[in-house]
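These numbers come from a predicted model, not from an experiment.
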Amino acid sequence: MLVARTVGNCPSCGGEQCFGNVLIEHDHILRGCGRCSYKSYYPLPLLPRKKVLYLDQNFFSAAFRNKIDPTKGQPKIIELMERIKYLAASQALTVPLSSVHESETRQWERRKEALDFLKITSRGHEFEREYKLERIQVLKTFRSWLENLNSAYIVDQKEALSEKVHEWDGYVFVDVESDRVSGLEELARKVSSAENLVALFDEWRNESSTFHEDFLGELEGQAKIYLRAHFEWFKAAAQGDMGALLSTPIIEHMRQQLPKKTNLESGLLVCRNFFKSEHFAKVPLHSITCRTHATLKHEVMLGAYVQRDKALVKLRGYYTDLDHIAHYAPYCDAIAIDNAMAELMKKPSVALSENYAVKVFSLNTADDFHAWLDEIEASITDEHHEALLAAYG
Ligand SMILES: [Zn+2]
C-alpha cells in the first residue's frame, strides 16, 4: 500500500517505519504497510460542521506576497491568514475557492506558486461554479413561484458546496483549475469597469429616483439580459448554429419547467411575469447585486465619492468583489472582504449579515474577525485534537 504518512513499524511483518496512514475516509483512517498486505482502521470522531469562510482575493494576495517576500504583505492580514490556515488544517474551518480566485491569481507574479498556495489554504475545496449557482437559484425560485409558495428563498448550503467539505480532509487535494482570460486582460477589464462606473456618478447626482425604484430598475435590467440571451440563442439555433446549443440560456431551463403543451409565446409571457414577481426579487444573487447597485447610487446621490481619483481606487474591484459576495456570501458563516465593500454590505438597504446570517469582516474589523476565530478555536475538543494528531501528525 502507498503510505501517505508513516506512523511506525508494521505490527504484522515487523518492517521498520513502513506502516502508516494510507487514506482518510469519512469516519476512519485506513492504515497499511508499505511492504506487506497488513491493514487496520483507526476510527475518527464525527466532526462538527465546519465553519465556512469566504476570503476574497485581497487576503490571499497579501498573504502570498508575504510568503514570497516576508517584508511585504499587510501584517494584520498575515496574522489572520496564519490562524485561518491553522483552523482549516484543524478541520474546524473551511475556506473554499471559487473560479474568481483562479482568474484573480492570474494578475499575480509567480502564478504557478500562487495557485499551489491557494490549493494548500483551501485544501482543495471549491464552491460551485457561478453560472451553475445562478441557474440553481433562479430555477428553484421559479418553481416556488409557479407553485404559489412563499417568496422567501431558503438557502441550502448544498447548492454551493459539497457536503464533503464537512468531513475529514484527505491527503490529496484536488487540483485547482487554471483557465481562460490572461491576468493583464483581467486587470484592464477591472480598471475600465471602474472608470465606466465612476463616469455615471455625475448623472446620478442629478437624479431624484427612490431607492426602491432603482432597485426595481436593476432587477428589470437583469430580466432584460435573460430575455436578450434567450432571443440570441433562439435565433442562432434557428440558423443551425450548433455551437449556440451547447450553452442553454436560463429562460430555456425555465420553459422546461412548464407543462409540455405550453407554446413559446405563452412560455415567455410566464417568464416575464416571474421576472416582475416578489420571488424573483428575492433570488439571493440578484437581490444582493441589485440592492448594492441601488445603494451605491444613493450614496453617490447623497454626496459620497465626490473625488474621482479616490473613487476609482476605492471602487476598482467593485464589480468583481460584488460578484463574489452575491454568489457565495449566503452560503457562508463569514466573509472577509475589503473595507469599502464591507461598508456597503453593512448599509441598511443591503444588510447582508441580517438577511443571510453571514458575518462580514474586513481589516477595519480585524478584532471582531479574531474574536470569531477564537470561538472556533475554543470549540475544538481534546478528542478532536487527538484525532488530528493521528490523521495529520
Ligand atoms: Zn508489513
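Between the side chain of His384 and the backbone N or O of Ile380 there is no donor-acceptor pair closer than 3.5 Å. Side chain of Thr365 to backbone of Asp368: no donor-acceptor contact under 3.5 angstrom is found. Gln157 places a side-chain N or O within donor-acceptor distance of the main-chain N or O of Tyr331, the cut-off being under 3.5 Å. Of the possible polar contacts, none joining the Tyr319 side chain to the Leu197 backbone as a donor-acceptor pair under 3.5 Å is found. Of the possible polar contacts, one joining the Asp338 side chain to the Met341 backbone as a donor-acceptor pair under 3.5 Å is found. No donor-acceptor pair closer than 3.5 Å links the side chain of Gln17 to the backbone N or O of Thr6. The closest donor-acceptor contact from the side chain of His279 to the backbone of Leu149 lies under 3.5 Å. Within the 3.5 Å criterion, the main-chain N or O of Arg291 finds a donor-acceptor partner in the side chain of Thr295. Although no hydrogens or angles enter the test, the distance criterion places no donor-acceptor pair under 3.5 Å between the side chain of Gln307 and the main chain of Tyr305. Under the 3.5 Å distance criterion, the side-chain polar atoms of Gln137 are matched with a main-chain donor or acceptor of Leu285.
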- Task: Verify side chain to side chain contact (heavy atoms under 4.5 Å, CB included) between Met254 and Ile250, making sure each step is shown before the conclusion.
- Result: CA-CA 6 Å; Met254 288 164 63; Ile250 279 188; 3.8 Å; yes
- Task: Decide yes or no on salt bridge (charged side-chain N to carboxylate O under 4.0 Å, His left out) for Glu195 and Arg316, but give the supporting numbers first.
- Result: CA-CA 8 Å; Glu195 277 171 358; Arg316 194 172 100 165; over 6 Å; no
- Show your working on ring-ring contact (aromatic ring centres under 6.0 Å, His included) between Phe127 and Tyr54 and close with a plain yes or no. CA-CA 10 Å; Phe127 282 105; Tyr54 187 86; 5.6 Å; yes
- Query: Which is it for Lys347 and Glu299 under the salt bridge (charged side-chain N to carboxylate O under 4.0 Å, His left out) test, yes or no, and what are the steps along the way?
  - Reply: CA-CA 10 Å; Lys347 299 281 173 199; Glu299 289 292 304; 3.6 Å; yes
- Starting from the C-alpha separation in whole Å, work towards a yes-or-no answer on side chain to side chain contact (heavy atoms under 4.5 Å, CB included) for Ile24 and Glu167. CA-CA 10 Å; Ile24 294 180; Glu167 296 183 0; over 6 Å; no
- Task: Before giving the answer on side chain to side chain contact (heavy atoms under 4.5 Å, CB included), spell out for Leu344 and Tyr318 the whole-Å C-alpha distance, their side-chain angles and the decisive distance to 0.1 Å.
- Result: CA-CA 10 Å; Leu344 267 173; Tyr318 174 78; 3.9 Å; yes
- Derivation and outcome, salt bridge (charged side-chain N to carboxylate O under 4.0 Å, His left out), residues Arg255 and Glu252: CA-CA 5 Å; Arg255 289 210 311 128; Glu252 205 47 28; 3.0 Å; yes
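Residues Tyr131 and Leu161 do not share a hydrophobic cluster, defined by chaining ILVMFWY side chains whose heavy atoms lie under 4.5 Å apart. Linking ILVMFWY side-chain heavy atoms closer than 4.5 Å, directly or via other members, places Leu269 and Ile251 in two distinct hydrophobic clusters. Tyr86 and Phe369 fall within the same hydrophobic cluster, defined by Ile, Leu, Val, Met, Phe, Trp and Tyr side-chain heavy atoms under 4.5 Å apart, directly or through other members. Val313 and Leu363 are assigned to two separate hydrophobic clusters, defined by single-linkage of ILVMFWY side chains at heavy-atom distances under 4.5 Å. In the hydrophobic clustering of this structure, Ile78 does not group with Ile84; members are Ile, Leu, Val, Met, Phe, Trp, Tyr whose side-chain heavy atoms approach within less than 4.5 Å, directly or through other members.
Within the model, atoms CD of Glu134 and CD1 of Ile136 stand 11.0 Å from one another, a figure rounded to the nearest 0.5 Å. Taken to the nearest 0.5 Å, the CG atom of Leu139 stands 11.5 Å off from the OG atom of Ser144. Between the CD atom in Glu220 and the CD1 atom in Ile225 there is a gap of 12.0 Å [rounded to 0.5 Å]. Note that CG of Leu55 is 12.0 Å distant from NE2 of His324, once rounded to the nearest 0.5 Å.
Two residues are said to be in side-chain contact when any heavy atoms from C-beta on lie closer than 4.5 Å; Val300 and Val306 fail this criterion. Annotation: side chain of Val360 is in contact with side chain of Lys346 (closest heavy-atom distance under 4.5 Å). Looking at Pro45 and Trp168, their side chains come closer than 4.5 Å, going by heavy atoms from C-beta outward. Proximity of Asp214 to His293: side-chain heavy atoms (C-beta onward) are nowhere separated by under 4.5 Å. Looking at heavy atoms from C-beta onward, Phe274 lies out of side-chain contact with Leu146 at the 4.5 angstrom threshold. Side chains of Lys164 and His26 form no contact here, defined as non-hydrogen atoms less than 4.5 Å apart. Looking only at side-chain heavy atoms (C-beta outward), His166 and Val52 come within less than 4.5 Å of each other. Side-chain contact check for Lys282 versus Trp145: every heavy-atom pair is 4.5 Å or farther apart.
Scanning both residues, Val7 and Asn21, for their nearest heavy atoms gives CG1-OD1, 4.0 Å. Across all non-hydrogen atoms, the minimal contact from Ala88 to Thr121 is CB-O, 4.2 Å. Considering all non-hydrogen atoms of both residues, Cys18 and Cys10 come closest at SG-CB, 4.0 Å. Taking all atoms of both residues into account, the shortest heavy-atom contact from His253 to Arg135 is NE2-NE, 3.5 Å. Across all non-hydrogen atoms, the minimal contact from Leu373 to Arg83 is C-NH2, 3.6 Å. Considering every non-hydrogen atom in both Leu219 and Cys290, the closest pair reads N-SG, 3.7 Å.
Between Lys50 and Asp169 there is a salt bridge, since at least one side-chain N of the basic residue sits less than 4.0 Å from a carboxylate O of the acidic one. The residues Lys51 and Glu375 are annotated as not salt-bridged, no charged nitrogen and carboxylate oxygen being separated by less than 4.0 angstrom.
Residue Phe231 places its CZ atom among 12 or fewer non-hydrogen atoms of other residues, nucleotides or ligands, all under 6.0 Å distant. Taking a 6.0 Å sphere around CG of Leu389, one finds it holds more than 12 heavy atoms contributed by other residues, nucleotides or ligands. Counted within 6.0 Å of CD on Glu377, heavy atoms from surrounding residues, nucleotides or ligands total more than 12; the atom is thus considered enclosed. Within a 6.0 Å sphere centred on CG of Leu264, heavy atoms belonging to other residues, nucleotides or ligands number more than 12. Heavy atoms from other residues, nucleotides or ligands lying under 6.0 Å from CZ of Arg272 number 12 at most. Heavy atoms from other residues, nucleotides or ligands lying under 6.0 Å from NZ of Lys140 number more than 12.
The salt bridge (charged side-chain N to carboxylate O under 4.0 Å, His left out) pairs that include a residue from residues 10-38 number zero, where partners must be two or more places apart or lie in different chains.
Using a 30° and 60° split on the angle between ring planes, Tyr38 and Phe19 fall in the tilted class, from 30° to 60°. Using bins of under 30°, 30° to 60° and over 60° for the plane-to-plane angle, the ring pair Tyr226/Phe280 lands in the perpendicular bin.
Of the listed residues (Glu207, Glu203, Glu218), just one forms a side chain to side chain donor-acceptor pair (under 3.5 Å) with Lys297, and that residue is Glu207.
Checked against the 6.0 Å centroid criterion, the rings of Phe215 and His298 do not qualify as a close aromatic pair.
Checking Asp323 against Thr320 by side-chain atom types alone, no donor-acceptor pair falls below 3.5 Å. Remark: the Asp69 side chain and the Thr71 side chain contain an N/O donor-acceptor pair separated by less than 3.5 Å.
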